[in-house]
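Proteins get letters first, then strands, A, B, ... in listed order; numbering begins at 1 in each.
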There are 2 protein chains.
Amino acid sequence: MTETRYGKGQYIFREGDPTEYFHIVKEGSVKCVKSSLDGKECTLKVLMPGDLFCCDASAFDGASHPGTAQPMGDVSVLRMKKDAYFKMLRANPDAAMEVIRYLGTRLNEAQEKAKVLALDRADQRLASLLISLAERSGVPEPNGIRVSVRLTRQDMANMVGVTTETAIRIMARFKKARLVSGTAARLVIRDLPKLRLLAST
Amino acid sequence: MTETRYGKGQYIFREGDPTEYFHIVKEGSVKCVKSSLDGKECTLKVLMPGDLFCCDASAFDGASHPGTAQPMGDVSVLRMKKDAYFKMLRANPDAAMEVIRYLGTRLNEAQEKAKVLALDRADQRLASLLISLAERSGVPEPNGIRVSVRLTRQDMANMVGVTTETAIRIMARFKKARLVSGTAARLVIRDLPKLRLLAST
DNA sequence: AATAAAACATGACAATTGTCATATTTTGAG
DNA sequence: CTCAAAATATGACAATTGTCATGTTTTATT
């Protein structure tokens with residue numbers, strides 16, 4: 001289990017690279033991105049400390065990475081050769097069960113995300129994103145919940161499958177309605193209950 | 001491990017039900033469905049024989065089912081109390097590794113689906129669906145690949161996040177362009193290469 | 001502090017997809 | 001075989017979202 005650091009402009013691995021390591025986020029956050037042939041990008045998930053990645057199918061059959069892992073700012077990642085990882089899981093039922101549980105959670109998340117993408121409007125999808133950001137990386141503050149992950153409007157757009165312009169317009173509406181305030185460097189969720197209402201309306 | 005049969009109009013379990021069993025499809029196919037508060041439905045996946053379900057996180061922490069499992073026609077399902085399932089996995093590293101591999105594959109699938117929903121137009125999403133149907137349940141025929149799962153236009157619409165009318169219109173265009181023929185009872189993929197081209201254009 | 005780059009913002013217009021209404025055809029149960 | 005229900009089909013129109021163009025503000029680097 002070795003520790004590796006990555007910084008701005010680097011990649012941990014890219015879509016199509018051969019899978020060699022199993023990873024865990026130690027510090028910072030990591031973006032999982034997939035892109036289509038015409039250059040459009042989609043951010044599947046922002047991984048936080050403790051999250052496993054590349055623990056999945058690609059590691060088994062020698063397939064290549066299904067997506068790109070990109071550090072958001074400076075990150076520190078633990079990694080282990082995939083053979084050692086599998087050996088460890090085989091020898092350690094507790095670890096294996098933990099990975100099963102983790103993958104199950106991730107699968108549920110991914111399916112919930114697919115549902116939102118399939119059924120909801122752009123503003124509802126953004127509201128859902130803001131809610132989960134508040135829950136997963138929110139820091140309570142006097143007038144709301146600050147999102148500790150730094151996400152630009154473009155990042156948010158990529159996470160919910162809309163254009164940057166649409167994300168900007170909707171966030172402007174949210175700001176006017178006092179649901180949120182600030183931008184990437186200091187995004188604050190000001191009215192979580194109303195966002196929840198909007199997400200399911 | 002007991003076998004249970006289900007027929008039309010029944011449910012194997014419904015969204016919100018407590019999780020008691022781990023399941024495997026033995027015969028027939030099973031729809032995994034999630035619905036939103038306003039009655040819209042989204043079909044996450046059609047499970048085929050050999051597929052595991054409810055093998056995921058919900059089974060761990062006593063959470064309820066995140067979606068509904070609905071038989072498509074007559075199906076036969078094997079099931080096992082979740083406690084016995086976990087005990088079995090703990091005692092059997094090969095089985096546990098197999099479940100990890102399976103969940104990883106499903107997670108990749110779900111993320112690929114999220115990407116398609118986030119980035120592609122309705123016609124591209126339908127083309128992607130037809131491609132995966134051809135691959136996963138296709139039966140070669142003189143003039144194409146017959147899809148052995150019976151899916152109405154509404155089913156397809158629910159699988160790619162569009163309205164039934166949109167699915168009907170796009171399938172009509174595909175039919176005119178000789179990419180497909182027939183409806184639910186006898187859907188045939190006639191030009192897989194062109195569908196692949198369309199899906200990535 | 002200066003400056004280039006990135007992010008944010010907004011308008012005008014186009015394209016896509018949804019909604020609602022209404023037929024027609026197909027399927028399945030009795 | 002008959003008949004009701006479900007599925008398919010199509011038109012007119014509305015709503016949503018994307019595209020492109022352009023300008024301002026913020027951020028980061030020297």
Problem - Partners passing side chain to side chain contact (heavy atoms under 4.5 Å, CB included) against A:E27 (at least two apart in sequence or in another chain) - result: A:R5, A:S76
Handout entry: d(CE, B:M171; C1', D:dT10) in whole Å
Key = 17 Å
Exercise for the section: Rounded to the nearest angstrom, tell me the gap between atom CZ in B:R186 and atom P in D:dT8. Expected result: 16 Å
Practice task
May I ask you to decide whether A:R196 forms a salt bridge with A:E135, counting only side-chain N to carboxylate O separations under 4.0 Å?
Solution key: yes
Exercise for the section: Any pair with a residue in residues 171-193 of chain B that passes salt bridge (Lys or Arg N to Asp or Glu O under 4.0 Å), sequence neighbours left out, goes on the list, sorted by first then second residue, please. Expected result: B:D123-B:R173, B:E141-B:R186, B:D191-B:K194
Exercise for the section: Classify the angle between the aromatic ring planes of A:H23 and A:F53 as parallel (below 30°), tilted (30 to 60°) or perpendicular (above 60°). Expected result: parallel
Fill in the blank from the handout: Counting primed atoms, P, OP1 and OP2 as sugar-phosphate and everything else as base, the B/S/- map of nucleotides 23-30 of chain C against protein heavy atoms under 4.0 Å is ----SSS-
Problem - Partners meeting side chain to side chain contact (heavy atoms under 4.5 Å, CB included) with A:D74 (sequence neighbours left out) - result: none
Practice task
Using atom CG of B:N158 as one end and atom C1' of D:dT8 as the other, report the distance to the nearest whole Å.
Solution key: 15 Å
Exercise for the section: Report the distance from atom CG of A:D155 to atom C1' of D:dT27, rounded to the nearest whole Å. Expected result: 14 Å
Exercise for the section: Would you mind reading off the distance between B:M72 atom CE and D:dA6 atom P, rounded to a whole angstrom? Expected result: 17 Å
Handout entry: Integer-rounded Å distance: C:dA5 P and A:Q154 CD
Key = 17 Å
Exercise for the section: To the nearest 0.5 Å, tell me how far B:R146 CZ sits from B:L133 CG. Expected result: 12.5 Å
Fill in the blank from the handout: Rounded to whole Å, CE of A:M156 lies from C1' of C:dA7 at a distance of 11 Å
Problem - Length of the CZ-P vector between A:F174 and C:dA9, whole Å - result: 14 Å
Practice task
Summarise protein proximity over nucleotides 11-19 of chain D in one line of letters, 5' to 3': B for base, S for sugar-phosphate only, - for none, counting protein heavy atoms closer than 4.0 Å.
Solution key: BB----SSB
Practice task
Can you measure from CE (B:M80) to CZ (B:F86) and round to the nearest 0.5 angstrom?
Solution key: 11.5 Å
Practice task
Please name the pair of heavy atoms, one in B:G138 and one in B:I145, separated by the smallest distance, quoted to 0.1 Å.
Solution key: CA-CG2, 3.5 Å
Completion exercise
In short, salt bridge (Lys or Arg N to Asp or Glu O under 4.0 Å) pairs touching residues 147-167 of chain B with sequence neighbours left out are B:K31-B:D155
